[in-house]
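Presented below is the structure to which this report refers.
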There are 2 protein chains.
Amino acid sequence: MIAGMSDTLPAARQLRRLVADRLRRGILEGRLTPGTWLRQEQIAREMGVSQMPVREAFRELAAEGLVVHEPYRGVRISSLTLADVRDVYAARAAIEALAIRAAATEITADELGTLRQLAAKMKRRLAPKHLAEYRDLNRQFHTVIFKASRRPYLIRLLEQLWTAFPAMLLDSFRKTAATPLPDRDTDDIAEHEAILEALSRHDPDAAEAAIRVHLEETVRHLTATLDEETPARALAEPLALAAGERSR
Amino acid sequence: MIAGMSDTLPAARQLRRLVADRLRRGILEGRLTPGTWLRQEQIAREMGVSQMPVREAFRELAAEGLVVHEPYRGVRISSLTLADVRDVYAARAAIEALAIRAAATEITADELGTLRQLAAKMKRRLAPKHLAEYRDLNRQFHTVIFKASRRPYLIRLLEQLWTAFPAMLLDSFRKTAATPLPDRDTDDIAEHEAILEALSRHDPDAAEAAIRVHLEETVRHLTATLDEETPARALAEPLALAAGERSR
DNA sequence: GGCGATCATATTGGATCTAATATCCGATCT
DNA sequence: AGATCGGATATTAGATCCAATATGATCGCC
């Protein structure tokens, strides 16, 4: 058992966590574009901290794969192609499938209750204007499930996969950001309920099948939408937190 | 595509990498026992460096899951139960299955050649005295395969999984360390050749099936061996690099 | 005598400073 | 003219110093 998994979220009382979160968001939301060098001094200045927390944040992001580190040169934002996005989902699907099998037998009535509540809330949050909230609920939904597996290692891995590439990543793709869940909403809901139902019956096979369908559909829909606007993350203007671009 | 994946191994010219590697080995080889607090000052002193590279190394290990970080308290070595070991393998199996499907169509004649050479070498390295070398070859074998997938994200993930928990981990379990591959050798070889054969035919389904069998057998054998000596990592005396244990 | 607050100590986390390394540019030599 | 070597500059990596925080012990109070 991997101890200390609690995750009580006293959260960003550490500077480096704060910096990491901010950078992560910048990257995932597409404000910081792939290929850009992240200069520790500049970022430190912009965020009003010293270089050290920035450096530590870099380490964290590198471990998650959001940036790549080049010794004595710095870190730069990784470029994700559509293929990578597919792989992220595929990997997550594979691991979530493992987790949900365990969850099916381990999940408590309590947790099933929360899942039902989450599913219900999501139904009411379909409007585009609630998109961010919807995504958050979706993540919670999946999180409750894989935590119910009671398998610390899988949980840790999945948490890593989710924080590095939450649905938010999609914001960096133009059309997806514009048309949130076109025609996907109702299917999404139905799939969630299928998962929920399988879990209620404590049926591992059904649960695994259900989540596989769900994730496959999601990625299928996603790639279909994205294929149309091939140059992934073509746009994404640097905003507030624009990192150093000059040739050095 | 995740850039900068080259991995040319100029390796440990950075202190922190060196420190991280040394700690990692200490943990995986069982010299540093689970639950132990790692004190940055002490380790820095013992390794003759300042605390900073140690801190950075900690963050790296934390990302890999080998240690857990508790804010303002430090990091301590994660305790892995048998169940965790199983999950590590299961996760790796799932992702390697994804990778090998891609590899089956992408792999070059060159790479197939290297695989054949590796397989041949392994045949000649079955003796217990060559155990370490055998494991290294095995890792190379798998690495060549998943790199042939040409899927940067999967490659990165698998590399992470392997460095965090190479076969070396087994050294921490008594019996396994003593009886290296009891009765497993010949099967192992056969399975490798099945994989190789499927890849030569560029048959994704067969390749996936073969690697699944291989990994399942490995983990089955592993757990069977380990179950007998339940308290995982009970022994493992601190050696050269013994970290602080006192109650603080 | 037990319980709670306060202070002491140890240790991490952050800031600042210095050294190592890489890139860029110009001078020099062939 | 082209290439190569050497220095200048920018930037990361490491060391040291200081502040924030957690734990444990002591003292006082009920």
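Sequence lines set the chain letters: A, B, ... in the order given, protein chains first and strands last, and positions in each chain run from 1.
For the pair Ile43(A) CD1 and dT11(D) P, the interatomic distance rounds to 12 Å; values are reported in whole Å. Protein atom CD of Glu70(A) is 18 Å distant from nucleotide atom C1' of dA20(C), rounded to whole Å. The CG-C1' distance, from Leu15(A) to dA19(D), rounds to 12 Å in whole Å. Distance Tyr72(A) OH to dT9(D) C1': 17 Å, rounded to the nearest Å. Atom CZ in Arg17(B) sits about 15 Å away from atom C1' in dG14(D), given to the nearest Å. Summarising the geometry, the separation between CD on Glu41(A) and P on dT9(D) is reported as 16 Å, rounded to the nearest angstrom. Between the CZ atom of Arg16(A) and the P atom of dA20(D) there is a distance of 17 Å, rounded to whole Å. Summarising the geometry, the separation between CD on Gln40(A) and P on dT16(C) is reported as 14 Å, rounded to the nearest angstrom.
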Distances for protein N/O vs nucleotides 6-8 of chain C N/O pairs under 3.5 angstrom?
none

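At least one donor-acceptor pair under 3.5 Å links the side chain of Ser78(A) to the backbone N or O of Val67(A). Of the possible polar contacts, one joining the Asp84(B) side chain to the Thr81(B) backbone as a donor-acceptor pair under 3.5 Å is found.
For Thr114(B), there are no side-chain contact (heavy atoms from CB on, under 4.5 Å) partners two or more places apart in sequence or in a different chain. Residues forming a side chain to side chain donor-acceptor pair (under 3.5 Å) with Glu96(A) (at least two apart in sequence, or on another chain): His142(A), Trp162(A). Glu64(B) meets the salt bridge (Lys or Arg N to Asp or Glu O under 4.0 Å) test with Arg24(B); sequence neighbours excluded. Taking the side-chain contact (heavy atoms from CB on, under 4.5 Å) definition, one finds that Thr143(A) meets it with Arg139(A), Phe146(A), Lys147(A), sequence neighbours left out. By the side-chain contact (heavy atoms from CB on, under 4.5 Å) test, Ala90(A) pairs with Leu98(B), sequence neighbours left out. Residues passing the side chain to side chain donor-acceptor pair (under 3.5 Å) test with Gln51(A), sequence neighbours excluded: Gln40(A). Arg101(A) is linked by a salt bridge (Lys or Arg N to Asp or Glu O under 4.0 Å) to Asp205(A), Glu208(A), counting only residues two or more places apart in sequence or in another chain. Scanning for side-chain contact (heavy atoms from CB on, under 4.5 Å) contacts around Arg86(A) gives Ala83(A), Val219(A), Thr223(A), Arg151(B), with sequence neighbours left out.
Contacts between residues 51-59 of chain B and DNA chain D, defined by a heavy-atom separation under 4.0 Å, are made by Met52(B), Pro53(B).
Contacts classified as salt bridge (Lys or Arg N to Asp or Glu O under 4.0 Å) and involving residues 102-113 of chain A (residues at least two apart or in different chains) are given here: Glu111(A)-Arg150(A).
Over its length, the helix from dG1(C)-dC30(D) to dT30(C)-dA1(D) turns its helix axis by 10°, as judged from the five terminal pairs at each end, rounded to 10°.
Across dA15(C), dG14(D), dT23(C), the shortest atom-to-atom separation from the side chain of Val49(A) is found for dA15(C). For Arg73(A), the listed nucleotide lying nearest its side chain is dA22(C); candidates were dT12(C), dA22(C), dA15(D).
Between dT12(C) and His69(B), no contact under 4.0 Å exists linking OP1 or OP2 to a side-chain N or O.
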